[in-house]
Structure formats: structure tokens, C-alpha cells
Amino acid sequence: MARRDYSMLGSDARRAVETGLATAEWYHTDIPRKDMKALMKRTDSPAIQDTLILFGCMAVFAAVAIALWPSWVAVPFWLAYGVLYGSAMDSRWHECGHGTAFKTPWMNDAVYQIASFCMVRNPVTWRWSHARHHTDTIIVGRDPEIVAMRPPALIRILLNVFGILDALNGWKRMLLNASGRLDPEEATFIPEQEHPKVVRVARIWTVIYAATLASALLAQSWIPLLFIGLPRLYGAWHHVMTGVLQHAGLADNVLDHRLNSRTVYMNPVSRFIYWNMNYHVEHHMFPMVPYHRLPELHEMIKHDLPEPNPSIFAAYAEVWPALKRQLRYEDYFLRRDLPATARPYREDLHADALGIPAE
Amino acid sequence: MAQWIDACATDDIEEEDLIRFDHDGHTFAIYRSPDDEYFCTDGLCTHENVHLEDGLVMDYVIECPKHNGQFDYRTGEAKRAPVCVNLGTYPVRVEDGRVLIEV
């Protein structure tokens, strides 16, 4: 196969549209409508509780860190604050972007705006980007949120453990948008009527960052920057660690989420930070199910899914050799066995689109 | 020319839910609201042609199952991104326990 072109404007993007891989029908496990309606039902209380815990912990960690500054004893508190800012906000951005975390729309919107700011993701741009990720999950040239790529972009991932590329790109894009312009690639998935909103948010953010920088300079102190902006770097590691596992090493250009997404059992702390997105096959198959119902959805459909990885460590033990192999042979991917109770992989769906015989 | 079509029985749709109805190469969504009124819209989301039949009805809103875009199914108005284009709506009347739509 020719080298993959991940540009939204490149040859693989055109091919995905021409072959029908783009905006295609995907496989879903059968669930009775009555059960699905119950799972989709919205409620505020779990997300209100989690949000109070999240912001409460952030306030306490930041207050203790500032009180202990400049002692080294402050470091663990900054690191804890950073993980909540630079990683937990990733999952809040995600869930509130779907509009499923809370029942009350303004609550979703408020947390979405805060989380987008923390993650340096323009809330308008990234709503559209993520919609495309769900339409064309890991379809090369169509999905703007592919992390691992083939051959794996390991240096990029490593730099992003410290948020470096993602945050720098976010700030660069913020300044571009604040100047009234959009990147040509983002213009492919954001409708024109939304462009002014992109610019307006970027300008507000630029003012906030300028004020933060100014206060740091005036006070001759790192504290304003450790509080706003830098946690996106020093706290990013957890969301990269969990996010890489979502799709890395698995198939691309397929129309069955069981082939390109991974469910991993995780410890309770990681699940709080990640808001249950470890149930990732389930989330992609049924994005309307709120994060707090995903464990139930998992129980309901696990008979039709590959065996979940039992831990983060076990998942990396599976992913790392696959990524190393993809460095030499980028067409390699993991094809996990399905349980006997599962319906076969729907490889015919993408085989038809690509004009190749199904295995 | 517009005509009234017998789409389904009133009991075919649960309260605060919808069903799909296909007719003459066109697909529709028929809703039963929480206060027991019936409405009809185009069956496909205007964002990416996903059928709304698997979506979630909340009060007077239908949420698309793929990207969580929302419409007011009484007016077809697009309420939440990523949907921007309104849904087409169709007149509905109920007669003798049957739901009729004008297409």
C-alpha cells in the first residue's frame, strides 16, 4: 500500500470519498430500543457530583501549591493540579462536547467552554473536528483526530506527553484565528456560518493569555503561568497515556468499531480523570450513551466485542510491539479475536468500499 | 400534489419517542410528544444523512444518534451543532387511532 496521507486535503481524503469509506454505514451491536432508550437517558447528578469534585480538587491543590511556593514541597500539588487541568479537562471537553454529560444544556456548554480553554482547543473548531472523528473514525484523510498514525508518529506522541506539539499548535492556531483567519484544513470541516464564532473565541482567549502573561511579568512570578497555560504541558501525560490506547495499533479504513477501537479496564482514579472513555468501543458504537452509563452498556454488549485489555499496563504490552512493527511495516495491525458469542467482524463493509475481497 | 398517508397506529409510538416511516422512496420520522401530540419530520439528519429513528427524544427535541445534533421536531429547527440546516416537517392528524401525515 502507498504511504498514508493524513492530510484532510490529500489523496487519501479524496479516495475515501470516492470509494464510499467516508460517511458510511457502520456496524452496531443489536440492542433492544427499550434498553438503548434507558441507557441514553440524561441526568445531571453524576456529572454535577464529578464536576464539584474536579473543581474542588483543583482549587485545593492550587491553593496548597501557591501557599507552599517556592518550596519543592509544592511540586506534587502543582503536578496534581496539572493532571486535572491538562488531562481531566480533555475528557470533560469530550463528554460535554457530545452534550451527554449533563441533562441541562447550559451545564454541558459551561464545562465545555472551560475545558476547551484548558486544552487549548477552540470549542467551535473542535466540535466539528470531533464530529468528523465519529463519522469517519480512523479513516485516513478524513479523521482529523488520528493520534498514532502509520508509521506511528512516536516522537510526536512523546512530545505530546508533555503537551508540547498539541499546546503549541493550539496557541498558534488561536493567534491565527484571532487574526480573523482559519487554517485551510479546518475550513474543510467547519461550516462557513460558524467561522465568526471561531474567531470570537480565539480573540477572547488571546486576551486571557495576554493578561496572564502580563500579571506574571508584573509580579515577577511563575505562579500565574503555573495556574493558567503551563498545566496544559506538565499535566498532559495522563490524557495522552489513555488516549493513545483508544485506537493505536488497530485497523484503519474499516467500518466496524470493534476493529479500530479498544476497551481497556482501568483503575478508578484513571476512570475519573478519563470519565470512562476507557470503554471506547462502546462509546464509538453508541455516542449518545452518557459516560456514567458506559459500564452498563459494556456489560450489555461485551458478548459481541473483543476481550478488553485488563489494565493500562496490559494494553501497552499489546500496543507497543504493534507500534514497533508498524515502524517497519506500516500496513501491519492488530486483529483481535472475537468471542464465540460475537457476530463476525463486518469486514465486508470496508472491503466493498475498497473493492478488495474480504478475509 | 399533497396527499394524506396512513403512517401508523397511535399506539405504535411510545410516549416521548419516535418511529421510522418509509413511503414512496422517502423516509420520515414520526414523533409522539410527552403531552401526547404527534409530529412528523424528514427521517434523516440534515448533517450527515443518519436516520433519526435511533435518536433520543427529550421533551420536544430529537437528538441525532451519531453526532448529538438536536432539532425541535415540532418546527424542524436546528438547535445544536453540528446540525445547522433545519429538518423538513409535515402536517399530521390523528383519526380513529391512526396517525396520518400529509406528504
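Note on naming: letters A, B, ... go to the chains in the order of the sequence lines (proteins, then strands), and numbering restarts at 1 for each one.
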Worksheet item: Who pairs with A:H298 by ring-ring contact (aromatic ring centres under 6.0 Å, His included), at least two apart in sequence or on another chain?
Response: A:Y265, A:Y279
Discussion item. Under 4.5 Å from any heavy atom of chain B, what part of A:M40 do you find: side chain, backbone, both or neither?
Written reply: both
Worksheet item: So which part of A:P287 gets closer than 4.5 Å to some heavy atom of chain B, the side chain, the backbone, both or neither?
Response: both
Would you mind checking chain A against chain B for donor-acceptor pairs under 3.5 Å and listing them?
| from | atom 1 | to | atom 2 | distance (Å) |
| --- | --- | --- | --- | --- |
| A:R33 | NH1 | B:E53 | O | 3.4 |
| A:R33 | NH1 | B:D54 | O | 3.4 |
| A:R33 | NH1 | B:G55 | O | 3.1 |
| A:R33 | NH2 | B:D17 | OD1 | 2.6 |
| A:R33 | NH2 | B:G55 | O | 2.8 |
| A:K37 | NZ | B:E14 | OE1 | 3.0 |
| A:K37 | NZ | B:D17 | OD2 | 3.1 |
| A:R42 | NH1 | B:E63 | OE1 | 3.1 |
| A:R42 | NH1 | B:E63 | OE2 | 3.3 |
| A:R42 | NH2 | B:E63 | OE2 | 2.6 |
| A:G97 | O | B:R80 | NH2 | 2.7 |
| A:H98 | O | B:N68 | ND2 | 3.4 |
| A:H98 | ND1 | B:N68 | OD1 | 3.0 |
| A:A131 | O | B:H67 | NE2 | 2.9 |
| A:H134 | O | B:K66 | NZ | 3.4 |
| A:T135 | OG1 | B:E48 | OE1 | 2.5 |
| A:T135 | OG1 | B:H67 | NE2 | 2.5 |

